[in-house]
Amino acid sequence: MLYGYAGKVLRINLGDRTWKTEPLDPQVAKDFLGGRGFVSKTLYDEVKPGTDPLGPGNKLVMASGPLAGTFFPCTGKVEFGAKSPATGGYGDSNMGGHLAPEMKYAGYDAVIFEGIADGPCYVYIDDDVVQVRDASAYWGKGAIETERILKDELGEDFQIATIGPAGEKLVKYACISHDFGRQSGRTGVGCVMGSKKLKAIAVRGSHAVPLPDPEKALDLGKKMFDVCFSKPGFKEWTPFGTAGVTDWVNEVGSFPTKNFQTGYFERYKEINGKALRDKIHILDKGCFGCPIPCGKYSKAKVPQGEIHVEGPEYETIAMVGGDCLIGTIEEVAYANYIMDELGIDTISGGNTVAFALECFEKGIITEKDTGKDLAFGDLDSVVYLLEKIAKREGVGDILAEGVRDAAARFGQGSERFAIHVKGLELSGYEPRNAPAMMLAYMTADIGAHHNRAWAITYDIASGRESLEGKAEKTVELQHVRPLFDMMGACRFPWVEISFELGYYPEILSTITGQDYTWEHMLYLSERVWNMNRAFNILHIPGFGRGYDYPPARFYEEPIPSGPTKGGNIKKDQLESLLDRYYEIRGWDNNGIPTRERLEALGLPSVAADLEKAR
Ligand code: SF4
């Protein structure tokens, strides 16, 4: 008996609308845990170099982890992954809600979507009834609108993931939506879903997750909830959720403002957690088994309309508020709603709109290109561009490719302020005066995303000018944080209310009946990190050190305002950080994992693949 797992993988070929199940390999479960680990292993083994991210050879993986759907706190996380249309390399994105538990209750640890359907479809899974159904009636509808329709048709007990018009139109940063406002936002997983003509996934299950000793698991689960309730952060963090960090990020001068021109937005108190709570908040909303519900369901009215939305989360506040200079929480919420219905990742969406606004301000693009006069701080400009992007109309067709490709089209020096790494737009932390955070963005396996190593607190605590210990901390966090995505758990209890990491080996061992130590879990995480690096090397022509640099704005332009005014990291410091980072990882000077390190990680076949590809 494979405890902690449903024990099966469901493989659906959308091309001929057939499906089959495979037993979950116990060794794969042991070595990769689940979630991001299953995504990484599946993509590495099954998606070959040269595969078009939007072609039939790419696979969309939806994977749960062993903790998902159990008695433990915050265990509702699902991982979507595919070869990324945004970067051309490894892509995954994590989402809360209730989908992963339901998938396990239906009997599947992972579902792999293959091929391309001959028309709009959705996948219906009700335990072992699996059908690929016609979705023509929903094509063109909003992501959240579609979820509502399917819930009405199928029943509230179905858990549903959808894409919006942006995914249908293959916007490179389209997201997958679930639970009326949770998203797998990053790396274009919604674009891959759209390329497969897969509008939605509906899942319902009625099985239990097998546990070696359910009584023991229940006792430990109750204790873990009590630990959460006993933390001082429990009462402080929950009322504001992620929006609560807005003040701190401004006060340390790292709030992305006006397309990352600076790190401080004067109007941050009008868009922070308190503004959200006081002005638009209706109720708190949590994922499966969550005692610290960070979701904030809101209602906002602006001249453009009245809306309900889950959020805004901090990342949306940063990328729409600061980065596009939208200075009221109601307006940020409205832009959030528009992106949620269109199915656009609010991080890349906000970042790309801010890039376009700067191009317009500098005269790189004009009203002739856009069809409208545009300005920072103007909600109409933001919404106009988002709708153009989702429809791929006019300049929106170029912006739908992301800032890297848009800058290549616009030229005139715009590459310097196209804020991305590896083709993925940066998330909500201005890193010019935060070396570990900068390095974390530079080296994240999916491109510039904060959740692999949210190192900025370490920068502040250890001194922002010094490079000492920054590479070490980045590597450490890059092994710790992705472990949550492998287990199928949310990391916020640890990050936000100081739930101790030391509990996780005991939880994992209790669920699986295997003996896990923290050291071994970190080793498993490092294996996945190296496999993903290898995936990028094999799939992206010329991949190496050159792909680990941030845009020139960060090392050439000092911060013009705010608490860190005048400072910025220099190019030679970036080189030192990268040198040290590669050394710690056991990679060569070009960022290629050495055979020695890969063998130490039990990955000799990956070393052979890299040697063959040279
Ligand atoms: Fe979901 Fe937030 Fe709870 Fe994490 S803390 S499980 S993201 S509601």
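Only a predicted model underlies this, so the values are computations on that prediction, with no experimental measurement involved. Order of listing sets the numbers, starting from 1, for every ligand and every atom in it.
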| task | Fit a plane to each ring of Tyr264 and Tyr268, take the angle between them on a 0 to 90° scale, and name the class: parallel (under 30°), tilted (30 to 60°) or perpendicular (over 60°). | result | perpendicular
| task | Specify whether Trp454 and Tyr429 have parallel, tilted or perpendicular ring planes, treating 30° as the upper limit for parallel and 60° as the lower limit for perpendicular. | result | perpendicular
| message | For the residue pair Ser427 / Tyr441, report whether a side-chain donor-acceptor contact shorter than 3.5 Å exists. | response | yes
Numbered atoms of ligand 1 (with element) below 4.0 Å of [X], judged on heavy atoms:
X	result
Ile292	3 (Fe), 5 (S)
Cys290	3 (Fe), 5 (S), 6 (S), 8 (S)
Cys74	6 (S)

| Strictly under 6.0 Å, is that where the ring centroids of Phe32 and Phe38 end up? | no
| task | For this output row, return yes or no: ring centroids of Phe484 and Phe492 closer than 6.0 angstrom. | result | no
| query | Closer than 2.8 Å to atom 2 (Fe) of ligand 1, do we get an N, O or S atom from Cys294, backbone or side chain? | reply | yes
| task | Compute the minimum heavy-atom distance from Arg182 to ligand 1 and say whether it is under 4.0 Å. | result | yes
| At the 4.0 Å heavy-atom cut-off, does Lys77 count as touching ligand 1? | yes
| query | If you round to the nearest 0.5 Å, how far is CG of Leu2 from NZ of Lys30? | reply | 11.0 Å
| query | Is atom 4 (Fe) of ligand 1 under 2.8 Å from any N, O or S atom of Cys490? | reply | yes
| Protein heavy atom at shortest distance from atom 1 (Fe) of ligand 1 | Cys287 SG, 2.3 Å
